[in-house]
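Just so it is clear: chains get the letters A, B, ... in the order the sequence lines come, proteins before strands, and each one is counted from 1. Every heavy atom of this structure was used, including side-chain atoms; hydrogens, water molecules and symmetry mates were not. As the structure is a computational prediction, the values presented were derived from the model and not from experiment.
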Amino acid sequence: MAPAADHETFYDRVYDLIRRVPEGSVVTYGQVAALLGAPAASRAVGYALRALPSSSDVPWWRVINARGAISLKGRGPGADIQRDLLEREGVSFDADGVVNLRAFRWWPSVEDGR
DNA sequence: GAGATGACGGGCT
DNA sequence: AAGCCCGCCATCT
């Protein structure tokens with residue numbers, strides 16, 4: 001536990017980025033990794049979210065996989081919770097439980113925070 | 001220091 | 001078209 005890095009860990013960077021995702025929008029694991037400069041670290045991104053405490057202010061539910069589906073599927077009730085949270089924000093799912101990334105995917109604007 | 005883990009992704013069969 | 005397999009990366013034990 002306690003990653004204890006004097007420097008912000010990769011996790012922190014992941015959280016920081018996700019905190020910028022506005023309501024009603026989503027991003028993919030691979031996308032987050034790419035934005036952090038590690039396009040192949042999508043798994044690490046998921047790992048970061050897994051370790052995320054529920055008390056966090058990070059909107060983890062806005063992160064889904066490249067297919068536009070919820071990866072928590074098959075992993076407990078988490079998937080239903082995530083889906084519910086997204087639908088409340090206006091993100092819609094199709095019959096297969098997939099989000100239309102073309103319509104809901106968010107990309108940070110140059111002026112946004114970077 | 002080495003091995004195992006995991007909310008992923010992409011390629012190949 | 002669907003499913004299986006391998007690779008990637010950062011962290012944890």
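- Taking the side chain of Ala66(A) as heavy atoms from C-beta on, and the options dA10(C), dG10(B), dC8(C), the nearest nucleotide is dG10(B).
- Within the 4.0 angstrom heavy-atom criterion, only backbone atoms of the sugar-phosphate kind lie near Ala41(A); the bases stay farther away.
- You'll find the side chain of Asp94(A) stays beyond 4.5 Å of the side chain of Asn100(A), heavy atoms only.
- Taking the side chain as every heavy atom from C-beta outward, Trp107(A) and Leu35(A) approach each other to under 4.5 Å.
- A heavy-atom distance below 4.5 Å is found between the side chains of Phe10(A) and Leu36(A).
- Put simply, the side chain of Arg62(A) does not reach to within 4.5 Å of the side chain of Trp106(A), judged on heavy atoms.
- Spacing between atom CZ of Phe10(A) and atom C1' of dT11(C) amounts to 11 Å, rounded to whole angstrom units.
- In this structure, CD1 of Ile18(A) is placed 15 Å from P of dA7(B), rounded to the nearest angstrom.
- Between Arg67(A) atom CZ and dA1(C) atom P there is a gap of 14 Å when expressed in whole angstrom units.
- Atom pair Gln82(A):CD and dC8(B):C1' shows a separation of 14 Å (rounding to whole Å applied).
- With dT11(C), dA7(B), dC9(C) as the candidates, the nucleotide lying closest to the side chain of Tyr29(A) is dA7(B).
- Per the geometry, CD1 belonging to Ile70(A) stands 14 Å off P belonging to dG9(B), to the nearest Å.
- Atoms OH (Tyr11(A)) and P (dC9(C)) sit 16 Å apart, rounded to a whole Å.
- Out of dG9(B), dT11(C), dC9(C), the shortest distance to the side chain of Ser42(A) is found at dG9(B).
- Between the side chain of Arg43(A) and the base of dG6(B), a donor-acceptor pair under 3.5 Å is found.
- For the pair Trp60(A) CH2 and dG6(B) P, the computed distance is 18 Å after rounding to whole Å.
- Taking atom CD1 of residue Ile81(A) and atom C1' of nucleotide dA7(B), one finds them 13 Å apart after rounding to whole Å.
- Residues Ile64(A) and Tyr47(A) each lie close to DNA chain B; by heavy-atom proximity, the contact nearer the 5' end of the strand is made by Tyr47(A).
- How far CH2 of Trp60(A) is from CG of Leu85(A): 6.0 Å, rounded to the nearest 0.5 Å.
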